[in-house]
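The block underneath contains the structure these notes are about, expressed in structure tokens.
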Amino acid sequence: MSPSFKTDIKKYLGFVTRFILPVTFTVLLLVYLFHKVDFSSMFQLLKHGVDYWWILLAMLISVVSHISRAARWRLQLNALGIKPPFMAICCSIFGCYALNLVFPRLGELWRCTYIASKKKSSFSTVFGSMLADRMADTLMVLMLLVVCLIVAAPALNVFLNKYPLGRDFIHLISQFWFWAAVAGGLILLFCLFYFLKNNVVVVKFKNIFKEIWEGITVIMKMKGRFLFIVLSFCIWGCYFIQLYVAFYAFDFTRALCHGPGMAFGFTPCLVAFVLSAISMAVPSNGGLGPWNIAIMFALAIYGVSDDQGTAFSMLQWSGQTVMLIILGIFTMIYISLSKPVASHQKSDLAETFDELRKKEI
């Protein structure tokens, strides 16, 4: 098999994994989402049953969450000796989410490439800091899930037992072979790195993992660890609040904020928030599909109809998407104007995408 053929296969497989599968998931989930929806009823809700000022407020709160994420990432980058301008970090976050709307998961790679190229830093180290950033998010989701299990256990049990996805997940993690396979994979990986430690490929991967690990572990030894924790709660607090204020945009979700046993709407909002956060693990364009279904399922637990739940989820998702598009346009303008481009030089944006293309190959 020729090297060029192998390269072509790798490129095609990468294209299918990054673009075709997420688009396919998005389309299939949207078909599932809308197959029981009365579009006439949904559009009537969107036309006459919405207070759009609450949606606008949710959009503005989302900007605060992105800026908070940029501030948190700056702590990690500074600890690694990488000190780009704060606006550049903000734009890397804005551009990351905007790019994920079109090319799922590519945004994270782009933001690392942009910051690494801007400061001539190691991509692996910057990528490691991004992984630590995501690991902190995962920890926050797990903490929220624990809180949700305590305050809304009956609702979650209904969700997990009613829908096949929940039942399959419970069945999977209860199987001995699943954990045996995980343990076997870890043992195999350890053996490869131990017994083939002088192999050229293994040495290369070890160097990459070392740089990534440096980016991850910087949280444990950097200055400003307390501020990192504060900003983490700020990010996820903003995520929760923007969903909560959207509850006041519709009569049927506003009623949940005043219903008995609803804790002013915090309990149903928490269930919707946790399920939607977990749904973002499914590859799709900006969460379209899995996020909406999770919100619809969560609201259905509390008596909200499919038409109403779909209207709520689509409007909230659309508001956030519009804001991301605006921030993405702002990012492109900032990158284009942040550095004068000489006639013999490429712009920062062109250099960034050139490096990104090379890494994909």
Exercise. Who are the salt bridge (charged side-chain N to carboxylate O under 4.0 Å, His left out) partners of D51, not counting sequence neighbours?
Worked result: none
Of all the heavy-atom pairs spanning [X] and [Y], show the shortest one and how long it is.
X    : Y    : answer
S313 : W291 : O-CZ3, 3.4 Å
L75  : G224 : CD1-O, 3.7 Å
A88  : I115 : O-CD1, 4.1 Å
I55  : G319 : CG2-CA, 4.5 Å
G309 : V304 : N-CG1, 3.6 Å
S92  : W110 : O-CZ3, 3.5 Å

Can you measure from [atom1] ([X]) to [atom2] ([Y]) and round to the nearest 0.5 angstrom?
X    : Y    : atom1 : atom2 : result
I93  : R111 : CD1   : CZ    : 4.0 Å
C96  : L101 : SG    : CG    : 10.0 Å
F94  : M323 : CZ    : CE    : 9.5 Å
K83  : S121 : NZ    : OG    : 12.0 Å
L243 : Q316 : CG    : CD    : 6.0 Å
I82  : K120 : CD1   : NZ    : 13.5 Å

Problem set entry | Intermediate values then yes/no, side-chain contact (heavy atoms from CB on, under 4.5 Å), F240 and L270 | CA-CA 8 Å; F240 179 83; L270 179 62; 4.2 Å; yes
Problem set entry | Pair F264 and F266, ring centroids less than 6.0 Å apart | no
For this session: Decide whether M143 and I150 are clustered together by the hydrophobic rule: side chain heavy atoms of Ile, Leu, Val, Met, Phe, Trp, Tyr closer than 4.5 Å, transitively.
Result: yes
Do [X] and [Y] make a side-chain contact, defined as non-hydrogen atoms from C-beta onward lying under 4.5 Å apart?
X    : Y    : answer
I235 : Y239 : yes
Y248 : L57  : no
V126 : K118 : no
Q76  : D133 : yes
L324 : N100 : no

Exercise. Would the number of heavy atoms belonging to other residues, nucleotides or ligands and lying under 6.0 Å from CZ of F233 be above 12?
Worked result: no
Under 3.5 Å donor-acceptor pairs involving side-chain atoms of residues 135-142, not counting sequence neighbours:
| residue | atom | partner | partner atom | Å |
| --- | --- | --- | --- | --- |
| D137 | OD1 | R69 | NH2 | 3.4 |
| D137 | OD1 | R72 | NH2 | 3.0 |
| D137 | OD1 | W236 | NE1 | 3.0 |
| D137 | OD2 | R69 | NH1 | 2.7 |
| D137 | OD2 | R69 | NH2 | 3.0 |
| D137 | OD2 | R134 | NH1 | 3.3 |
| T138 | OG1 | R134 | O | 3.0 |

Exercise. In terms of ring plane angle, is the pair F123 and F127 parallel, tilted or perpendicular, where the classes change at 30° and 60°?
Worked result: parallel
For this session: Please report the C-alpha distance between V147 and V274 in whole Å, then the side-chain angles of each, then the deciding distance to 0.1 Å, and finally whether the side-chain contact (heavy atoms from CB on, under 4.5 Å) criterion is met.
Result: CA-CA 10 Å; V147 174; V274 171; over 6 Å; no
Exercise. Given the rule in the side chain to side chain donor-acceptor pair (under 3.5 Å) test, do W73 and S129 qualify, once you have shown the distances and angles that lead to the verdict?
Worked result: CA-CA 8 Å; W73 197 30; S129 69; 2.9 Å; yes
Problem set entry | Listed once per pair and sorted, the salt bridge (charged side-chain N to carboxylate O under 4.0 Å, His left out) pairs that draw on residues 92-101, sequence neighbours left out | none
Exercise. Excluding sequence neighbours, so at least two apart, what forms side chain to side chain contact (heavy atoms under 4.5 Å, CB included) with I329?
Worked result: I325, I333
For this session: Please list, chain by chain and in numerical order, all residues satisfying side chain to side chain contact (heavy atoms under 4.5 Å, CB included) with D251, sequence neighbours excluded.
Result: R254
Problem set entry | Evaluation steps, side-chain contact (heavy atoms from CB on, under 4.5 Å), between W317 and I295 | CA-CA 10 Å; W317 183 89; I295 292 291; over 6 Å; no
For this session: Report the residue from F273, F312, Y302, F252 that forms a ring pair (Phe, Tyr, Trp, His ring centres under 6.0 Å) with F247.
Result: F312
Check residues 60-67 and write down every donor-acceptor pair under 3.5 Å in which the side-chain atom is one partner and the other belongs to a residue at least two apart or another chain.
| residue | atom | partner | partner atom | Å |
| --- | --- | --- | --- | --- |
| S62 | OG | M59 | O | 2.5 |
| S62 | OG | Q320 | OE1 | 3.2 |
| S65 | OG | S62 | O | 2.5 |

Exercise. Can you tell me if T310 uses its side chain to pair, donor with acceptor, with the backbone of D307 under 3.5 Å?
Worked result: no
